[in-house]
Structures are given as C-alpha cells and as structure tokens.
Amino acid sequence: HVPPRLLSRISQLPTMSSLALAAGVVPARAPGAARRASRAPSPASRAVPFRRPSTSAVRLGRASAMAKPAPAFGRARTLRVNASVRTPAALAASSNEVSAEVTVRAMYDAINRRDVEAALAFVDENVLYEDFNFPTPFKGIAAVRKLFEQSCDGIPDDMLFIIDECTDGGGLGVGMTWFVQLEGEPFPNARGASFYKVDAVSGKLIYARDVVEPPAKLGDLSFSIIRAVAPLVKKQLKAQREKREAEEGTTGGSSVQGTTKSVSSVSTKTTPGDPLAAAGLYALGGLYWFVLLLSPVGWQGLPGEPAWAVAPETLAEVVAESTNFFFVLPLLNNFGIDLLGQAPAVHPVTLGVFNFAEAFIFMLLPLLLMDKTRRGHDLPTTKIWSVAMFLTNAAMLPYFAQRAAAGTTGQKTLGETEKTGSFLETTTGQKGLLSKAFGVGGLGIGALSVWWALNAVPEVGGDFSTRVQYLGGLMSSDRVSLAFVVDIVLFSVWQAYMINSLDKEAPAACKYVPFVGLGAWLVL
C-alpha cells in the first residue's frame with residue numbers, strides 16, 4: 001500500500017518519477033549518507049542478473065532492495081520489488097534533479113523482467129560502458145543492446161549478486177561495491193566496484209565502469225614488481241612518444257636512453273598479410289579455448305572442470321601457484337624471510353610445471369619485440385605478452401593470428417643512438433642486453449623448476465618414482481596442469497618459428513631443442 005501523500009510527492013517529480021514508476025519502483029524511506037545491504041537474500045529481496053566474467057554468467061540478487069547494475073545478465077526468478085526502495089524525491093536534491101541510482105535500478109528492473117527494449121529506454125544513445133573484464137568498452141546503444149541480448153540465457157540460478165554498499169543517490173553519478181554469492185557463501189575472488197553516470201538532460205545512463213577483484217593477491221610483492229617494471233615501461237612510452245613526434249615532424253628525436261644523433265628512415269620490404277595463415281591460427285586459438293577452457297566436464301575424457309564451472313579448490317590452487325610465481329615466496333621463506341607472508345602450500349611437481357611454463361614464455365618477449373621492430377606492425381606486443389604470462393596460449397594464439405594478418409610495413413623510423421645502453425630489440429631488431437638478461441633469468445628459473453619438481457619438499461613430493469606417478473596423475477585429473485604441458489609444446493613451436501624468422505643462420509639446436517635452445521640463443 002502506498003500512502004497518498006507519497007504518491008503526491010512523486011507526481012511533483014516529472015523526470016525521475018516516470019523512470020521509477022516505469023520500472024515498478026515503490027517509494028519509501030529517506031536516504032542516509034550510505035547504506036549496507038544484508039548479505040543474505042531476504043524473502044523480499046529482488047533477483048538482479050549478473051554474469052561472472054571469464055567463468056560463467058551469474059544471476060544477481062539484491063538484498064533489502066539493493067540492486068547491482070551489471071554488464072551482463074542471467075535468468076532471474078520472480079521479480080519482487082521491496083517497498084523499502086527509496087523515492088526519487090528522497091534521492092534527488094531538488095524536484096528537477098535526476099538520480100543515477102534510480103535510473104540504473106529502473107533499467108535493471110526491466111532487464112530482470114527480460115524486457116530488453118524497456119531497459120534500453122534508460123540507456124543514452126551515446127553510452128560508454130567500460131567493463132575491465134573485456135578488452136574494449138561497449139560504445140553506443142547498439143553495442144549495449146547486443147550485450148544485453150546475448151547475456152540473458154543459460155545463467156545458473158544458485159549464484160547471487162549482493163550489494164555491500166551504495167553511495168547516496170540523488171546525483172548524476174552513483175558508486176557501488178558488491179560480491180557474488182554461491183550456495184549461500186561468498187564466491188572466492190568475486191568482489192568488485194562499479195560507477196555509473198547519467199546524462200543531466202535525458203536522465204539516461206551515459207557512462208558505466210565495472211572493476212572486478214583480481215584472483216592473484218601479490219601483496220607487498222606488487223610494489224616490488226612496480227618498482228622493477230616502471231623504468232622499463234617508462235622507456236617504452238618515451239620511445240613511442242619520440243617515434244610519434246618524429247613521424248609528425250615535431251621533434252629532432254631522442255633515443256630510449258640518451259640523446260639521438262639523427263632520425264633515419266629505414267626501408268623494409270612491404271608484404272601483405274596472410275589471411276589463410278591468420279584464419280588457421282584463429283581456428284587453432286578457438287580450439288585451444290574450447291578444449292582446455294570451455295569444454296564441459298568429461299568431454300572426450302578430458303579431466304577437470306571448464307573455466308565457467310571451475311571448482312573452488314581448483315581456483316584456490318591456481319591462485320596459490322600464481323602467488324608462488326618464480327618461487328619468490330618459497331625461497332624467501334626458506335631463508336627465514338616472511339616479510340611478504342607465507343607461501344601457499346602447493347605440491348612441488350605442480351609448482352615446478354607451472355613455473356617452467358612461465359619461464360618459457362618469459363624468454364619469448366625479446367623475440368617478440370625484435371620481430372615487431374623488423375616487421376613494423378603496431379600490435380600491442382608487450383601488453384599481450386603480459387597477459388600471456390597468466391593466460392599463456394589463450395592470448396598468444398590470437399596474437400600470432402593478428403601478426404599473420406598484419407603483414408609488414410614498407411618503412412619505419414629508427415633513432416641512431418649515441419649510447420650503447422638502449423634496447424636494441426626495440427630500436428634495430430637485434431639482440432642486446434635485454435635478450436641476455438631474459439635468457440639468463442629464464443634458464444635459471446627453468447633449472448630451478450626442474451629441480452623443484454624432482455627434489456623440493458621431500459616430505460610432500462616423495463622420491464623420484466612417486467613424483468613421476470604424481471605427474472601422470474595430474475595429466476589425467478587436472479585440466480590446469482594439462483594445459484601447462486600443452487603450452488610448453490606450443491612454446492617450443494613458437495621458439496623454432498621465431499628464431500628461424502629472426503636468424504636463419506642460428507644453429508639447429510637453438511631452434512629445435514625446447515627451452516634450453518631458446519635460452520642459449522638469447523645469451524650467445
């Protein structure tokens with residue numbers, strides 16, 4: 001029952017009253033500075049659809065009338081609107097002010113009824129929706145329409161999206177924090193925050209951004225990584241800026257390290273892209289994604305779970321392996337250093353396989369940079385390699401497909417440096433100090449990985465025969481470990497292909513002896 005006085009108050013709000021009433025929002029209590037929703041769905045709660053990125057779509061729930069506007073949606077049960085939802089009058093500073101919270105709630109009320117057209121009525125034609133789980137933002141209402149339509153089917157009913165907190169409504173923007181709940185418990189590594197903004201004139205959604213919690217928690221180690229990587233990234237950004245300015249004719253040029261004597265234009269042979277090779281690599285990438293990441297449990301006898309139905313213990317194992325990246329925490333703990341915390345317990349064979357694969361792709365970066373410099377394409381090589389350090393060939397296969405489609409340019413601008421400390425890999429396409437550093441580092445991590453798998457933590461790993469049996473068991477029961485073995489095989493293919501492309505006179509052992517040959521070629 002809605003009191004007549006509140007209905008009269010709503011009627012005085014021509015902008016937001018229509019939005020709220022169109023979605024069935026019932027006015028009630030006045031706002032506070034912020035509020036916290038119950039973590040357990042109440043009988044009066046309303047289900048709001050949501051999809052867990054990269055694993056599965058998730059049906060979203062709202063506790064105590066709190067709803068999370070999300071980028072994708074699932075099958076919801078009966079729509080129930082709680083009478084405790086705030087009125088537009090309480091959310092607005094004045095009778096003429098629009099409210100981002102009311103607009104977003106109204107939009108997702110319509111989605112919850114599976115009425116995409118009604119939901120799009122609350123979306124501006126020029127909307128920009130940024131979800132950091134996707135490589136590119138959704139621009140325009142057509143892209144958002146496709147997202148809405150494609151995300152409304154096949155969503156598990158036992159996953160709920162719960163709002164933690166919401167900033168006070170009544171303005172053009174609203175922020176929310178949230179988490180995903182499964183079987184009545186918080187889903188691991190599934191928290192996030194979102195921000196939404198509406199247009200001041202139309203009152204419709206004009207901008208959105210969703211940020212999801214990362215699965216790997218590096219702690220203080222992340223600051224060490226930033227300190228180590230920032231100088232390299234700074235040099236790369238500087239080189240890109242100087243190249244851009246040189247092409248525009250606005251600078252005399254300066255190198256990555258030191259000053260530049262001159263900027264020269266170096267001719268290279270222009271070759272078109274190879275669409276057949278690109279199509280084949282895209283197909284291989286699709287096969288990799290389906291078989292190792294998306295195929296259902298038991299498909300063709302494949303062990304383990306797909307990414308969209310990963311078991312909590314499997315996810316915990318992946319996070320533990322990532323935390324023990326390159327054995328940093330285990331080695332520090334062995335020397336009695338626990339400033340970064342205790343290393344998660346991982347079987348030595350599993351950790352050895354993981355870090356060996358990581359060391360392999362680690363050593364591929366100099367080859368990719370030299371190849372990019374010589375071919376002159378503009379693919380984001382370093383970014384894709386950074387992603388591939390975690391997703392391995394799920395990222396590398398599409399990259400090589402794009403490379404095949406790009407071909408080579410006819411001319412590129414290079415700076416002739418005075419100092420010898422520059423990265424030759426990114427200026428002349430030749431091996432330099434970067435190659436040697438990655439070669440030595442990769443060989444060292446690889447050797448440690450083999451030793452770790454065969455000898456470390458004897459109270460857990462046992463003797464040699466026990467470890468070999470354990471490895472065989474992994475291949476028949478753990479899809480993640482099986483994927484790493486497949487990755488090592490594919491890295492061996494990239495090694496042979498890339499070295500042959502860059503150095504046709506290289507010894508055959510460098511091309512065809514996996515891992516060791518690559519490290520030797522980089523160092524020598």
Side-chain angles (χ1 to χ4, degrees), residues 135-137 139 225-274 278 281 361-389 395-396 398-439 441 494 497-499 501-504 521-522:
T136 57
K139 298 180 180 180
I225 295 175
I226 292 174
R227 295 186 188 100
V229 172
L232 300 177
V233 175
K234 180 178 180 180
K235 293 173 183 177
Q236 180 188 18
L237 295 175
K238 181 179 179 182
Q240 292 175 353
R241 184 185 69 248
E242 291 169 348
K243 179 181 178 180
R244 183 175 62 253
E245 292 173 345
E247 291 173 348
E248 296 172 352
T250 59
T251 182
S254 61
S255 66
V256 176
Q257 293 178 346
T259 60
T260 296
K261 290 182 179 178
S262 63
V263 176
S264 59
S265 180
V266 180
S267 296
T268 60
K269 182 179 179 181
T270 300
T271 59
D274 188 341
L281 288 166
I361 193 172
F362 176 78
M363 290 194 295
L364 288 176
L365 177 61
L367 283 74
L368 296 173
L369 294 177
M370 286 184 276
D371 176 75
K372 176 179 181 177
T373 302
R374 296 188 188 188
R375 293 173 65 90
H377 61 69
D378 294 325
L379 298 178
T381 301
T382 305
K383 292 181 180 178
I384 293 178
W385 171 84
S386 301
V387 173
M389 285 293 292
M396 290 303 298
Y399 172 79
F400 277 105
Q402 295 179 61
R403 173 186 176 276
T408 60
T409 61
Q411 197 173 61
K412 56 186 177 181
T413 303
L414 299 176
E416 181 186 354
T417 62
E418 289 181 344
K419 296 184 179 181
T420 60
S422 300
F423 295 138
L424 297 179
E425 292 81 1
T426 59
T427 55
T428 65
Q430 303 297 324
K431 288 190 294 183
L433 293 178
L434 186 67
S435 296
K436 295 183 183 298
F438 273 65
W494 305 142
Y497 172 73
M498 294 296 291
I499 292 180
S501 175
L502 295 169
D503 184 7
K504 297 187 180 301
W521 185 81
L522 290 172

Side-chain donor or acceptor of T381 paired with backbone N/O of L369 under 3.5 Å: no
Aromatic plane relationship, W494 with F400 - under 30° parallel, 30 to 60° tilted, over 60° perpendicular: parallel
From CA spacing to verdict: side chain to side chain contact (heavy atoms under 4.5 Å, CB included), M363, W521: CA-CA 10 Å; M363 290 194 295; W521 185 81; over 6 Å; no
Donor-acceptor under 3.5 Å (R403 side chain, D371 main chain): no
Nearest heavy atoms of I384 and A395, plus distance in Å: CG2-O, 3.9 Å
Rounded distance (nearest 0.5 Å) linking atom CG of L502 with atom CE of M370: 5.5 Å
4.5 Å side-chain heavy-atom contact, L367 and L522: yes
Gap separating the CG atom of D503 from the CD atom of Q430, nearest 0.5 angstrom: 9.0 Å
Nearest-0.5 Å distance that lies between atom OG1 in T427 and atom NZ in K243: 11.5 Å
Straight-line distance of S501 OG to R374 CZ, nearest 0.5 Å: 7.5 Å
Atom pair OH/CG of Y399 and L368 - distance to nearest 0.5 Å: 5.5 Å
Euclidean distance, M396 CE relative to M389 CE, rounded to 0.5 Å: 11.5 Å
Closest non-hydrogen atom pair between F438 and F362, with its separation: CD2-O, 3.1 Å
Expected output: side-chain W385 to main-chain P366 donor-acceptor under 3.5 Å: no
